[in-house]
Amino acid sequence: MEKRQDRIRNFCIIAHIDHGKSTLADRLIEKTGTVSSRDMSDQILDSMDIERERGITIKLTPTRMFYDYNGEEYILNLIDTPGHVDFTYEVSRSLAACEGAILIVDASQGVEAQTIANTYLALDNNLEILPVLNKIDLPSADIEKSRKEIEDVLGIPADDVPCISAKEGINIDDVLKQIVEKIPSPKGDTQKPLKALIFDSMYDNFKGAICFVRVFDGKVKIGDKIQMMKTDKAYEVTEVGVFTPSMKPVNELCVGDVGYICASIKNLSDTKVGDTITDAENPCSEALPGYKDVKPVVFSGIFPLDGSKYGDLKDALEKLKLNDASLHFSPETSIALGFGFRVGFLGLLHMEIITERLEREFDLDIITTAPSVSYHVFKTNGEMLEVSNPSMLPPVAEIERIEEPMIALSVYTPPEYVGPIMDLCQEKRGEFLDMQYLEKTRVVMKYHMPLGEMIYDFFDALKSRTRGYASLDYEVYGFMPSDLVKLDIMLNGETCDALSLITHRDKAYQRGRQIAEKLKKVIPRQLFEVPIQACIGGKIIARETVSAMRKDVLAKCYGGDISRKRKLLEKQKAGKKRMRQFGSVELPSEAFISILKTDDEN
Amino acid sequence: MIYVHIPFCDSKCFYCNFCSAKYDEKIKEKYFKKLVEEIKFNSNKYKNITSIYIGGGTPSSVNEKYIKLIINELKNNFNIDKNAEISIEANPCSITESKLKTYKQIGINRISIGVQSLNNKQLKIIGRRHTKKQAINAIKIAKKYFNNVNCDLLIGIPNQNYLSLKHSVKCLLKQKINHISAYMLICENGTKLTKQIEQKQVKVASEDKCVDYYNKIVKYLKGKKYYRYEISNFALLGYECKHNLGYWNLTDYYGFGLSAHSYIDGFRYNNTTDMQEYLESKFDYQKEEISNEEKIEELIMLSLRTQKGVNINELKNLGYDILKQKGNVLNSLKDFINVSQNYISIKDNKFGVCNQIILDLLP
């Protein structure tokens with residue numbers, strides 16, 4: 001068995017977004033004949049529809065490949081990882097299951113923000129890093145420059161870096177060779193008690209919760225009694241298998257293997273990602289370090305469009321949580337929207353992906369409220385509250401001060417966009433710290449900025465003002481007191497809690513006006529006039545009116561029309577049912593989404 | 001109640017989406033033969049019929065011998081009440097004295113003329129082939145033979161303003177007709193006029209303006225003793241169209257001819273809209289059972305169109321206690337509806353939003 005372990009390589013691919021991770025994964029799979037060309041599709045590991053459509057990877061996806069090297073067959077376990085900043089957590093999870101990482105650098109772009117961030121993550125996990133220059137087929141590729149960047153910026157020797165084109169399939173063999181030559185084989189002892197890390201999990205209606213694991217010590221097969229070290233729950237294994245990349249049962253998983261374990265686990269919360277699975281009768285002495293809990297930074301209320309679907313929404317969130325440990329949620333009640341959840345996300349893209357998955361994979365119609373950050377509210381009585389829901393803000397008289405989360409922001413850009421970025425950051429209440437030339441054509445600009453400003457359209461604005469050339473990286477570093485106010489929206493004289501938001505006093509007027517104007521456009525005319533008012537602490541700062549509907553009548557309805565007209569009426573009724581009744585006002589779900597997008601029209 | 005559809009027109013008006021077209025005489029002959037067959041197929045001599053309505057298309061555009069044929073066939077196959085209201089639709093271009101004489105002779109006692117407007121420019125824009133003069137003349141000769149004459153008018157057609165609309169109404173009243181149907185223009189999908197409006201070739205008044213015109217006309221007609229008994233129908237007392245009131249009260253009816261519908265004992269039957277199919281038809285109608293819930297919906301949708309409104313007890317008999325189940329809604333709609341002991345009806349100036357009120361009152 002010793003020998004088998006020597007012929008395993010566990011690795012992941014890390015890169016900045018869009019540098020070609022999934023494409024290289026495709027080529028490796030193709031080259032090793034893991035998937036027959038008949039079944040091959042682009043981005044084969046990106047199994048979610050959203051991933052393929054958007055061309056991004058969200059979930060890490062493992063796969064096992066065989067590769068002949070010097071007459072011996074090696075097992076290569078690949079874990080594809082996401083590149084977007086919001087999904088750094090997913091990256092760190094796959095890293096813990098590997099011994100090495102292929103670091104892809106786009107030869108036409110060079111080292112980018114996420115290249116650096118992910119390299120540090122990999123180094124933190126003691127991984128062997130294997131740099132690869134991709135997209136050498138592009139006319140703008142600059143191999144020498146990119147090679148130098150890898151050495152200078154990342155400090156990784158790059159003299160024998162494979163220069164490839166994943167898209168065109170050039171030099172893929174070099175990568176496979178280096179995987180075998182440079183990435184260490186897994187350590188661990190097959191004689192020791194089972195010790196396996198759960199790095200991901202998913203729910204299957206027939207098999208229950210399925211744990212994706214990396215075996216660090218020992219082995220596991222059907223019939224074994226296993227135990228979750230954190231939850232202490234014990235199960236009998238019903239199936240073990242590997243990823244080909246589809247799930248394929250095998251007899252046993254041994255030290256060094258990446259695979260999955262099913263054990264009729266019904267309760268989703270019993271399979272905590274990061275937990276260690278061990279032998280129930282002969283447990284290992286110490287669990288693997290696992291993962292640190294990530295803190296969500298963006299919060300939003302999610303409500304079912306149809307109030308009776310609350311239970312379905314809850315089930316869906318629980319299932320997603322199993323699959324996405326970074327998702328946090330707790331029940332919330334809104335006067336306007338009824339029962340729902342306050343959900344915490346790692347960022348805006350994460351939020352977008354989750355809402356889209358709820359709608360697509362679970363076929364739910366949901367309403368999402370404007371994203372908010374978590375504020376520290378210090379009350380006059382000395383109490384401190386964490387408020388991530390604007391409607392939970394205590395009365396002004398009870399507030400001593402409010403502190404908002406601040407981020408340290410790095411924007412990487414070609415120098416010609418420095419001006420527009422400075423303007424943008426200033427609009428967003430950013431405080432300029434520093435600017436450095438990484439090289440002649442790349443600058444890093446550092447700012448302190450309120451997170452609350454960034455969660456509105458910052459990404460989009462940055463992209464449009466730099467024609468997509470700038471990239472960014474950020475982390476929350478602390479809290480700062482700020483002059484924040486709650487902006488309420490009143491419809492027909494009543495405050496609609498789901499439309500409230502917390503904003504800086506200087507921006508409140510502008511936002512209030514924008515939201516009122518936007519709402520006027522999306523709220524349909526009704527039997528009654530609907531006044532829309534934006535106000536701060538009872539003071540009205542903007543007003544619009546949706547005038548009463550005058551005409552909605554069928555001029556004619558005789559014998560031959562009745563069936564058709566009744567069907568039209570039923571359709572109209574169904575449309576009305578999709579509206580939210582708030583007092584006497586009927587609100588379309590767009591009303592809640594539209595306030596997210598007010599900045600678009602600047 | 002019996003409806004007979006005559007799908008023939010000499011030309012298609014630009015706003016029309018009814019089942020009608022120009023056909024040659026051979027088809028007409030076959031059609032009426034088939035129609036007779038259909039009437040025979042449904043023959044029920046015990047069924048008491050209180051009204052017949054011959055609509056279209058343009059019934060007056062076909063040779064009167066066909067109309068005679070149909071009326072006779074109906075008399076042979078149904079028990080037509082001796083006081084039955086028998087209406088026929090006509091357009092100003094095709095009315096002749098000889099046709100009117102025949103109509104009268106076979107027992108028709110009500111005539112409905114598609115005037116639409118008495119402004120020549122407007123008539124041209126909407127694709128009507130008659131002029132103001134022809135229309136007035138048609139009314140005059142109709143009045144010679146029939147006491148009970150209706151004229152159709154359109155509100156909200158291109159080029160129309162309130163003054164020209166009122167002028168048309170005034171001219172009609174001068175002819176002492178006793179019934180007016182005034183319809184707000186519906187831009188149905190696929191009609192020529194809808195396309196012209198979309199392409200901005202012609203301009204129509206805004207919806208809000210249209211409702212203003214309508215409300216003013218309602219008031220004007222009321223002053224002249226033509227009271228509104230349904231959204232679009234105005235009559236001197238006692239001259240309401242019994243047949244149409246029947247539809248709004250969910251009365252059973254037979255419908256014969258292309259695209260006609262029947263509603264008998266809780267079932268609705270649809271005829272084909274394809275002429276060739278109809279000519280070969282074995283009358284195996286498309287049949288649809290109207291569920292109790294749909295019956296409630298139809299009753300509300302139809303009877304709220306009338307001045308009288310919807311009968312609360314009738315709803316209760318169908319299992320819908322509206323006073324109990326919709327108490328809050330009724331209260332919030334108090335500016336829009338009248339609730340009396342037995343009826344819920346729409347307030348005089350609120351018919352423009354009739355659909356919204358109906359939607360709120362559905363179970």
Side-chain angles (χ1 to χ4, degrees), chain A residues 305-308 335-336 338 491-494 496 520-531 544-589, chain B residues 1 3 5 18-19 53 55 154-156 181-186 206-212 214-215 230-232 243-244 246-248 250 253-255 259-263 268 270-271 288 290 294 297-298 300-302 305 332-333 335-336 350-360 362:
Chain A
L305 186 68
D306 172 355
S308 66
I335 301 165
L491 299 173
N492 207 16
E494 275 180 77
C496 183
K520 182 181 174 170
K521 280 185 207 150
V522 297
I523 298 176
R525 291 171 75 180
Q526 341 215 328
L527 284 177
F528 308 88
E529 176 182 286
V530 180
E544 297 282 341
T545 307
V546 179
S547 56
M549 175 191 285
R550 299 286 318 280
K551 183 172 184 239
D552 182 13
V553 59
L554 293 171
K556 276 186 181 185
C557 194
Y558 298 114
D561 305 320
I562 295 172
S563 279
R564 188 168 76 100
K565 296 290 156 71
R566 189 193 69 236
K567 276 164 197 157
L568 280 177
L569 198 69
E570 281 166 0
K571 227 169 147 185
Q572 210 175 348
K573 188 174 135 193
K576 241 173 130 90
K577 256 197 167 159
R578 291 180 65 90
M579 303 256 228
R580 279 286 163 163
Q581 192 76 34
F582 177 71
S584 57
V585 183
E586 280 169 350
L587 287 173
S589 53
Chain B
M1 293 182 15
Y3 175 80
H5 192 70
F18 280 99
C19 188
Y53 195 101
L154 278 174
I155 301 175
S181 299
Y183 302 107
M184 281 180 267
L185 178 71
I186 307 174
S206 70
E207 291 200 333
D208 287 10
K209 262 211 177 116
C210 225
V211 171
D212 280 342
Y214 168 76
N215 283 332
E230 190 257 2
I231 291 176
S232 306
H243 186 87
N244 287 341
Y247 291 134
W248 303 316
L250 235 63
Y253 59 90
Y254 288 92
S259 84
H261 295 206
S262 305
Y263 179 67
R268 189 160 281 124
N270 301 346
N271 244 335
E288 178 195 14
I290 304 302
E294 286 166 336
E297 286 176 5
E298 290 189 359
I300 293 174
M301 171 179 97
L302 294 168
R305 301 181 65 84
S332 72
L333 287 175
D335 293 341
F336 294 84
K350 300 297 182 187
F351 274 90
V353 288
C354 173
N355 275 0
Q356 289 290 316
I357 298 168
I358 290 170
L359 283 170
D360 281 346
L362 291 179

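Any value given below was found using the heavy atoms of this structure, including those in side chains, with hydrogens, waters and symmetry copies removed. The chains referred to below are lettered A, B, ... by the order of the sequence lines, with proteins before strands, and numbering in each begins at 1.
Atoms CE and CD, from Met549(A) and Gln356(B) in turn, are 3.5 Å apart once rounded to the nearest 0.5 Å. Lys551(A) NZ to Asn355(B) CG: the interatomic distance, rounded to the nearest 0.5 Å, is 10.0 Å. For the atom pair CG of Leu527(A) and CG of Leu333(B), the computed distance is 6.5 Å after rounding to the nearest 0.5 Å. From Arg305(B), atom CZ reaches atom SG of Cys557(A) across 5.0 Å, with rounding to the nearest 0.5 Å. For the atom pair CG of Leu554(A) and CD1 of Ile358(B), the computed distance is 7.0 Å after rounding to the nearest 0.5 Å. The line from CD of Glu297(B) to CZ of Arg566(A) is 6.5 Å long, rounded to the nearest 0.5 Å.
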Worked verdict on Arg550(A) versus Lys209(B) for side-chain contact (heavy atoms from CB on, under 4.5 Å):
CA-CA 9 Å; Arg550(A) 299 286 318 280; Lys209(B) 262 211 177 116; over 6 Å; no
Going through the distances and angles, do His261(B) and Ile562(A) end up as a side-chain contact (heavy atoms from CB on, under 4.5 Å)?
CA-CA 9 Å; His261(B) 295 206; Ile562(A) 295 172; over 6 Å; no
Candidate pair Arg525(A) and Asp208(B), rule side-chain contact (heavy atoms from CB on, under 4.5 Å), full reasoning
CA-CA 12 Å; Arg525(A) 291 171 75 180; Asp208(B) 287 10; 2.9 Å; yes
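Note on Met184(B), Met301(B), Met1(B): by heavy-atom pairs under 4.5 Å with chain A, the leading option is Met301(B). Chain B forms the most heavy-atom pairs under 4.5 Å with one residue out of Lys565(A), Glu570(A), Gln572(A), Lys556(A), and that residue is Lys556(A). Interface check for chain A: of the options Lys350(B), His5(B), His243(B), Glu288(B), the most heavy-atom pairs under 4.5 Å are formed by Glu288(B). Considering only heavy-atom pairs separated by less than 4.5 Å from chain B, the leading option among Ser563(A), Ser547(A), Ser584(A) is Ser563(A).
Residue contact with chain A, scored on non-hydrogen atoms closer than 4.5 Å, involves the side chain of Phe18(B) exclusively. Interface remark: Ile290(B) contributes side-chain atoms only to the contact with chain A (heavy atom separation under 4.5 Å). If you measure heavy-atom distances from Glu294(B) to chain A, the contacts under 4.5 Å come from both the backbone and the side chain. Neither the backbone nor the side chain of Tyr214(B) comes within less than 4.5 Å of any heavy atom of chain A. For Asn271(B), no part sits under 4.5 Å from any heavy atom of chain A, backbone or side chain. When heavy atoms are compared at a cutoff of 4.5 Å, Tyr263(B) does not approach chain A at all. Heavy atoms of Lys567(A) lying under 4.5 Å from chain B belong exclusively to its side chain.
Relative ring orientation between Trp248(B) and Tyr558(A) is described as tilted, the plane-to-plane angle lying within the 30° to 60° band.
Ser232(B) places a side-chain N or O within 3.5 Å of a backbone atom of Ala555(A) that can act as its donor or acceptor partner. A donor-acceptor contact shorter than 3.5 Å is absent between the side chain of Tyr3(B) and the backbone of Gly559(A).
Within 6.0 Å of the NZ atom in Lys573(A), the count of heavy atoms belonging to other residues, nucleotides or ligands exceeds 12.
Side-chain atoms of Lys576(A) and Asp360(B), non-hydrogen and from C-beta on, do get closer than 4.5 Å to each other.
Nearest heavy-atom pair across Val553(A) and Gly352(B) is CB-O, 3.5 Å.
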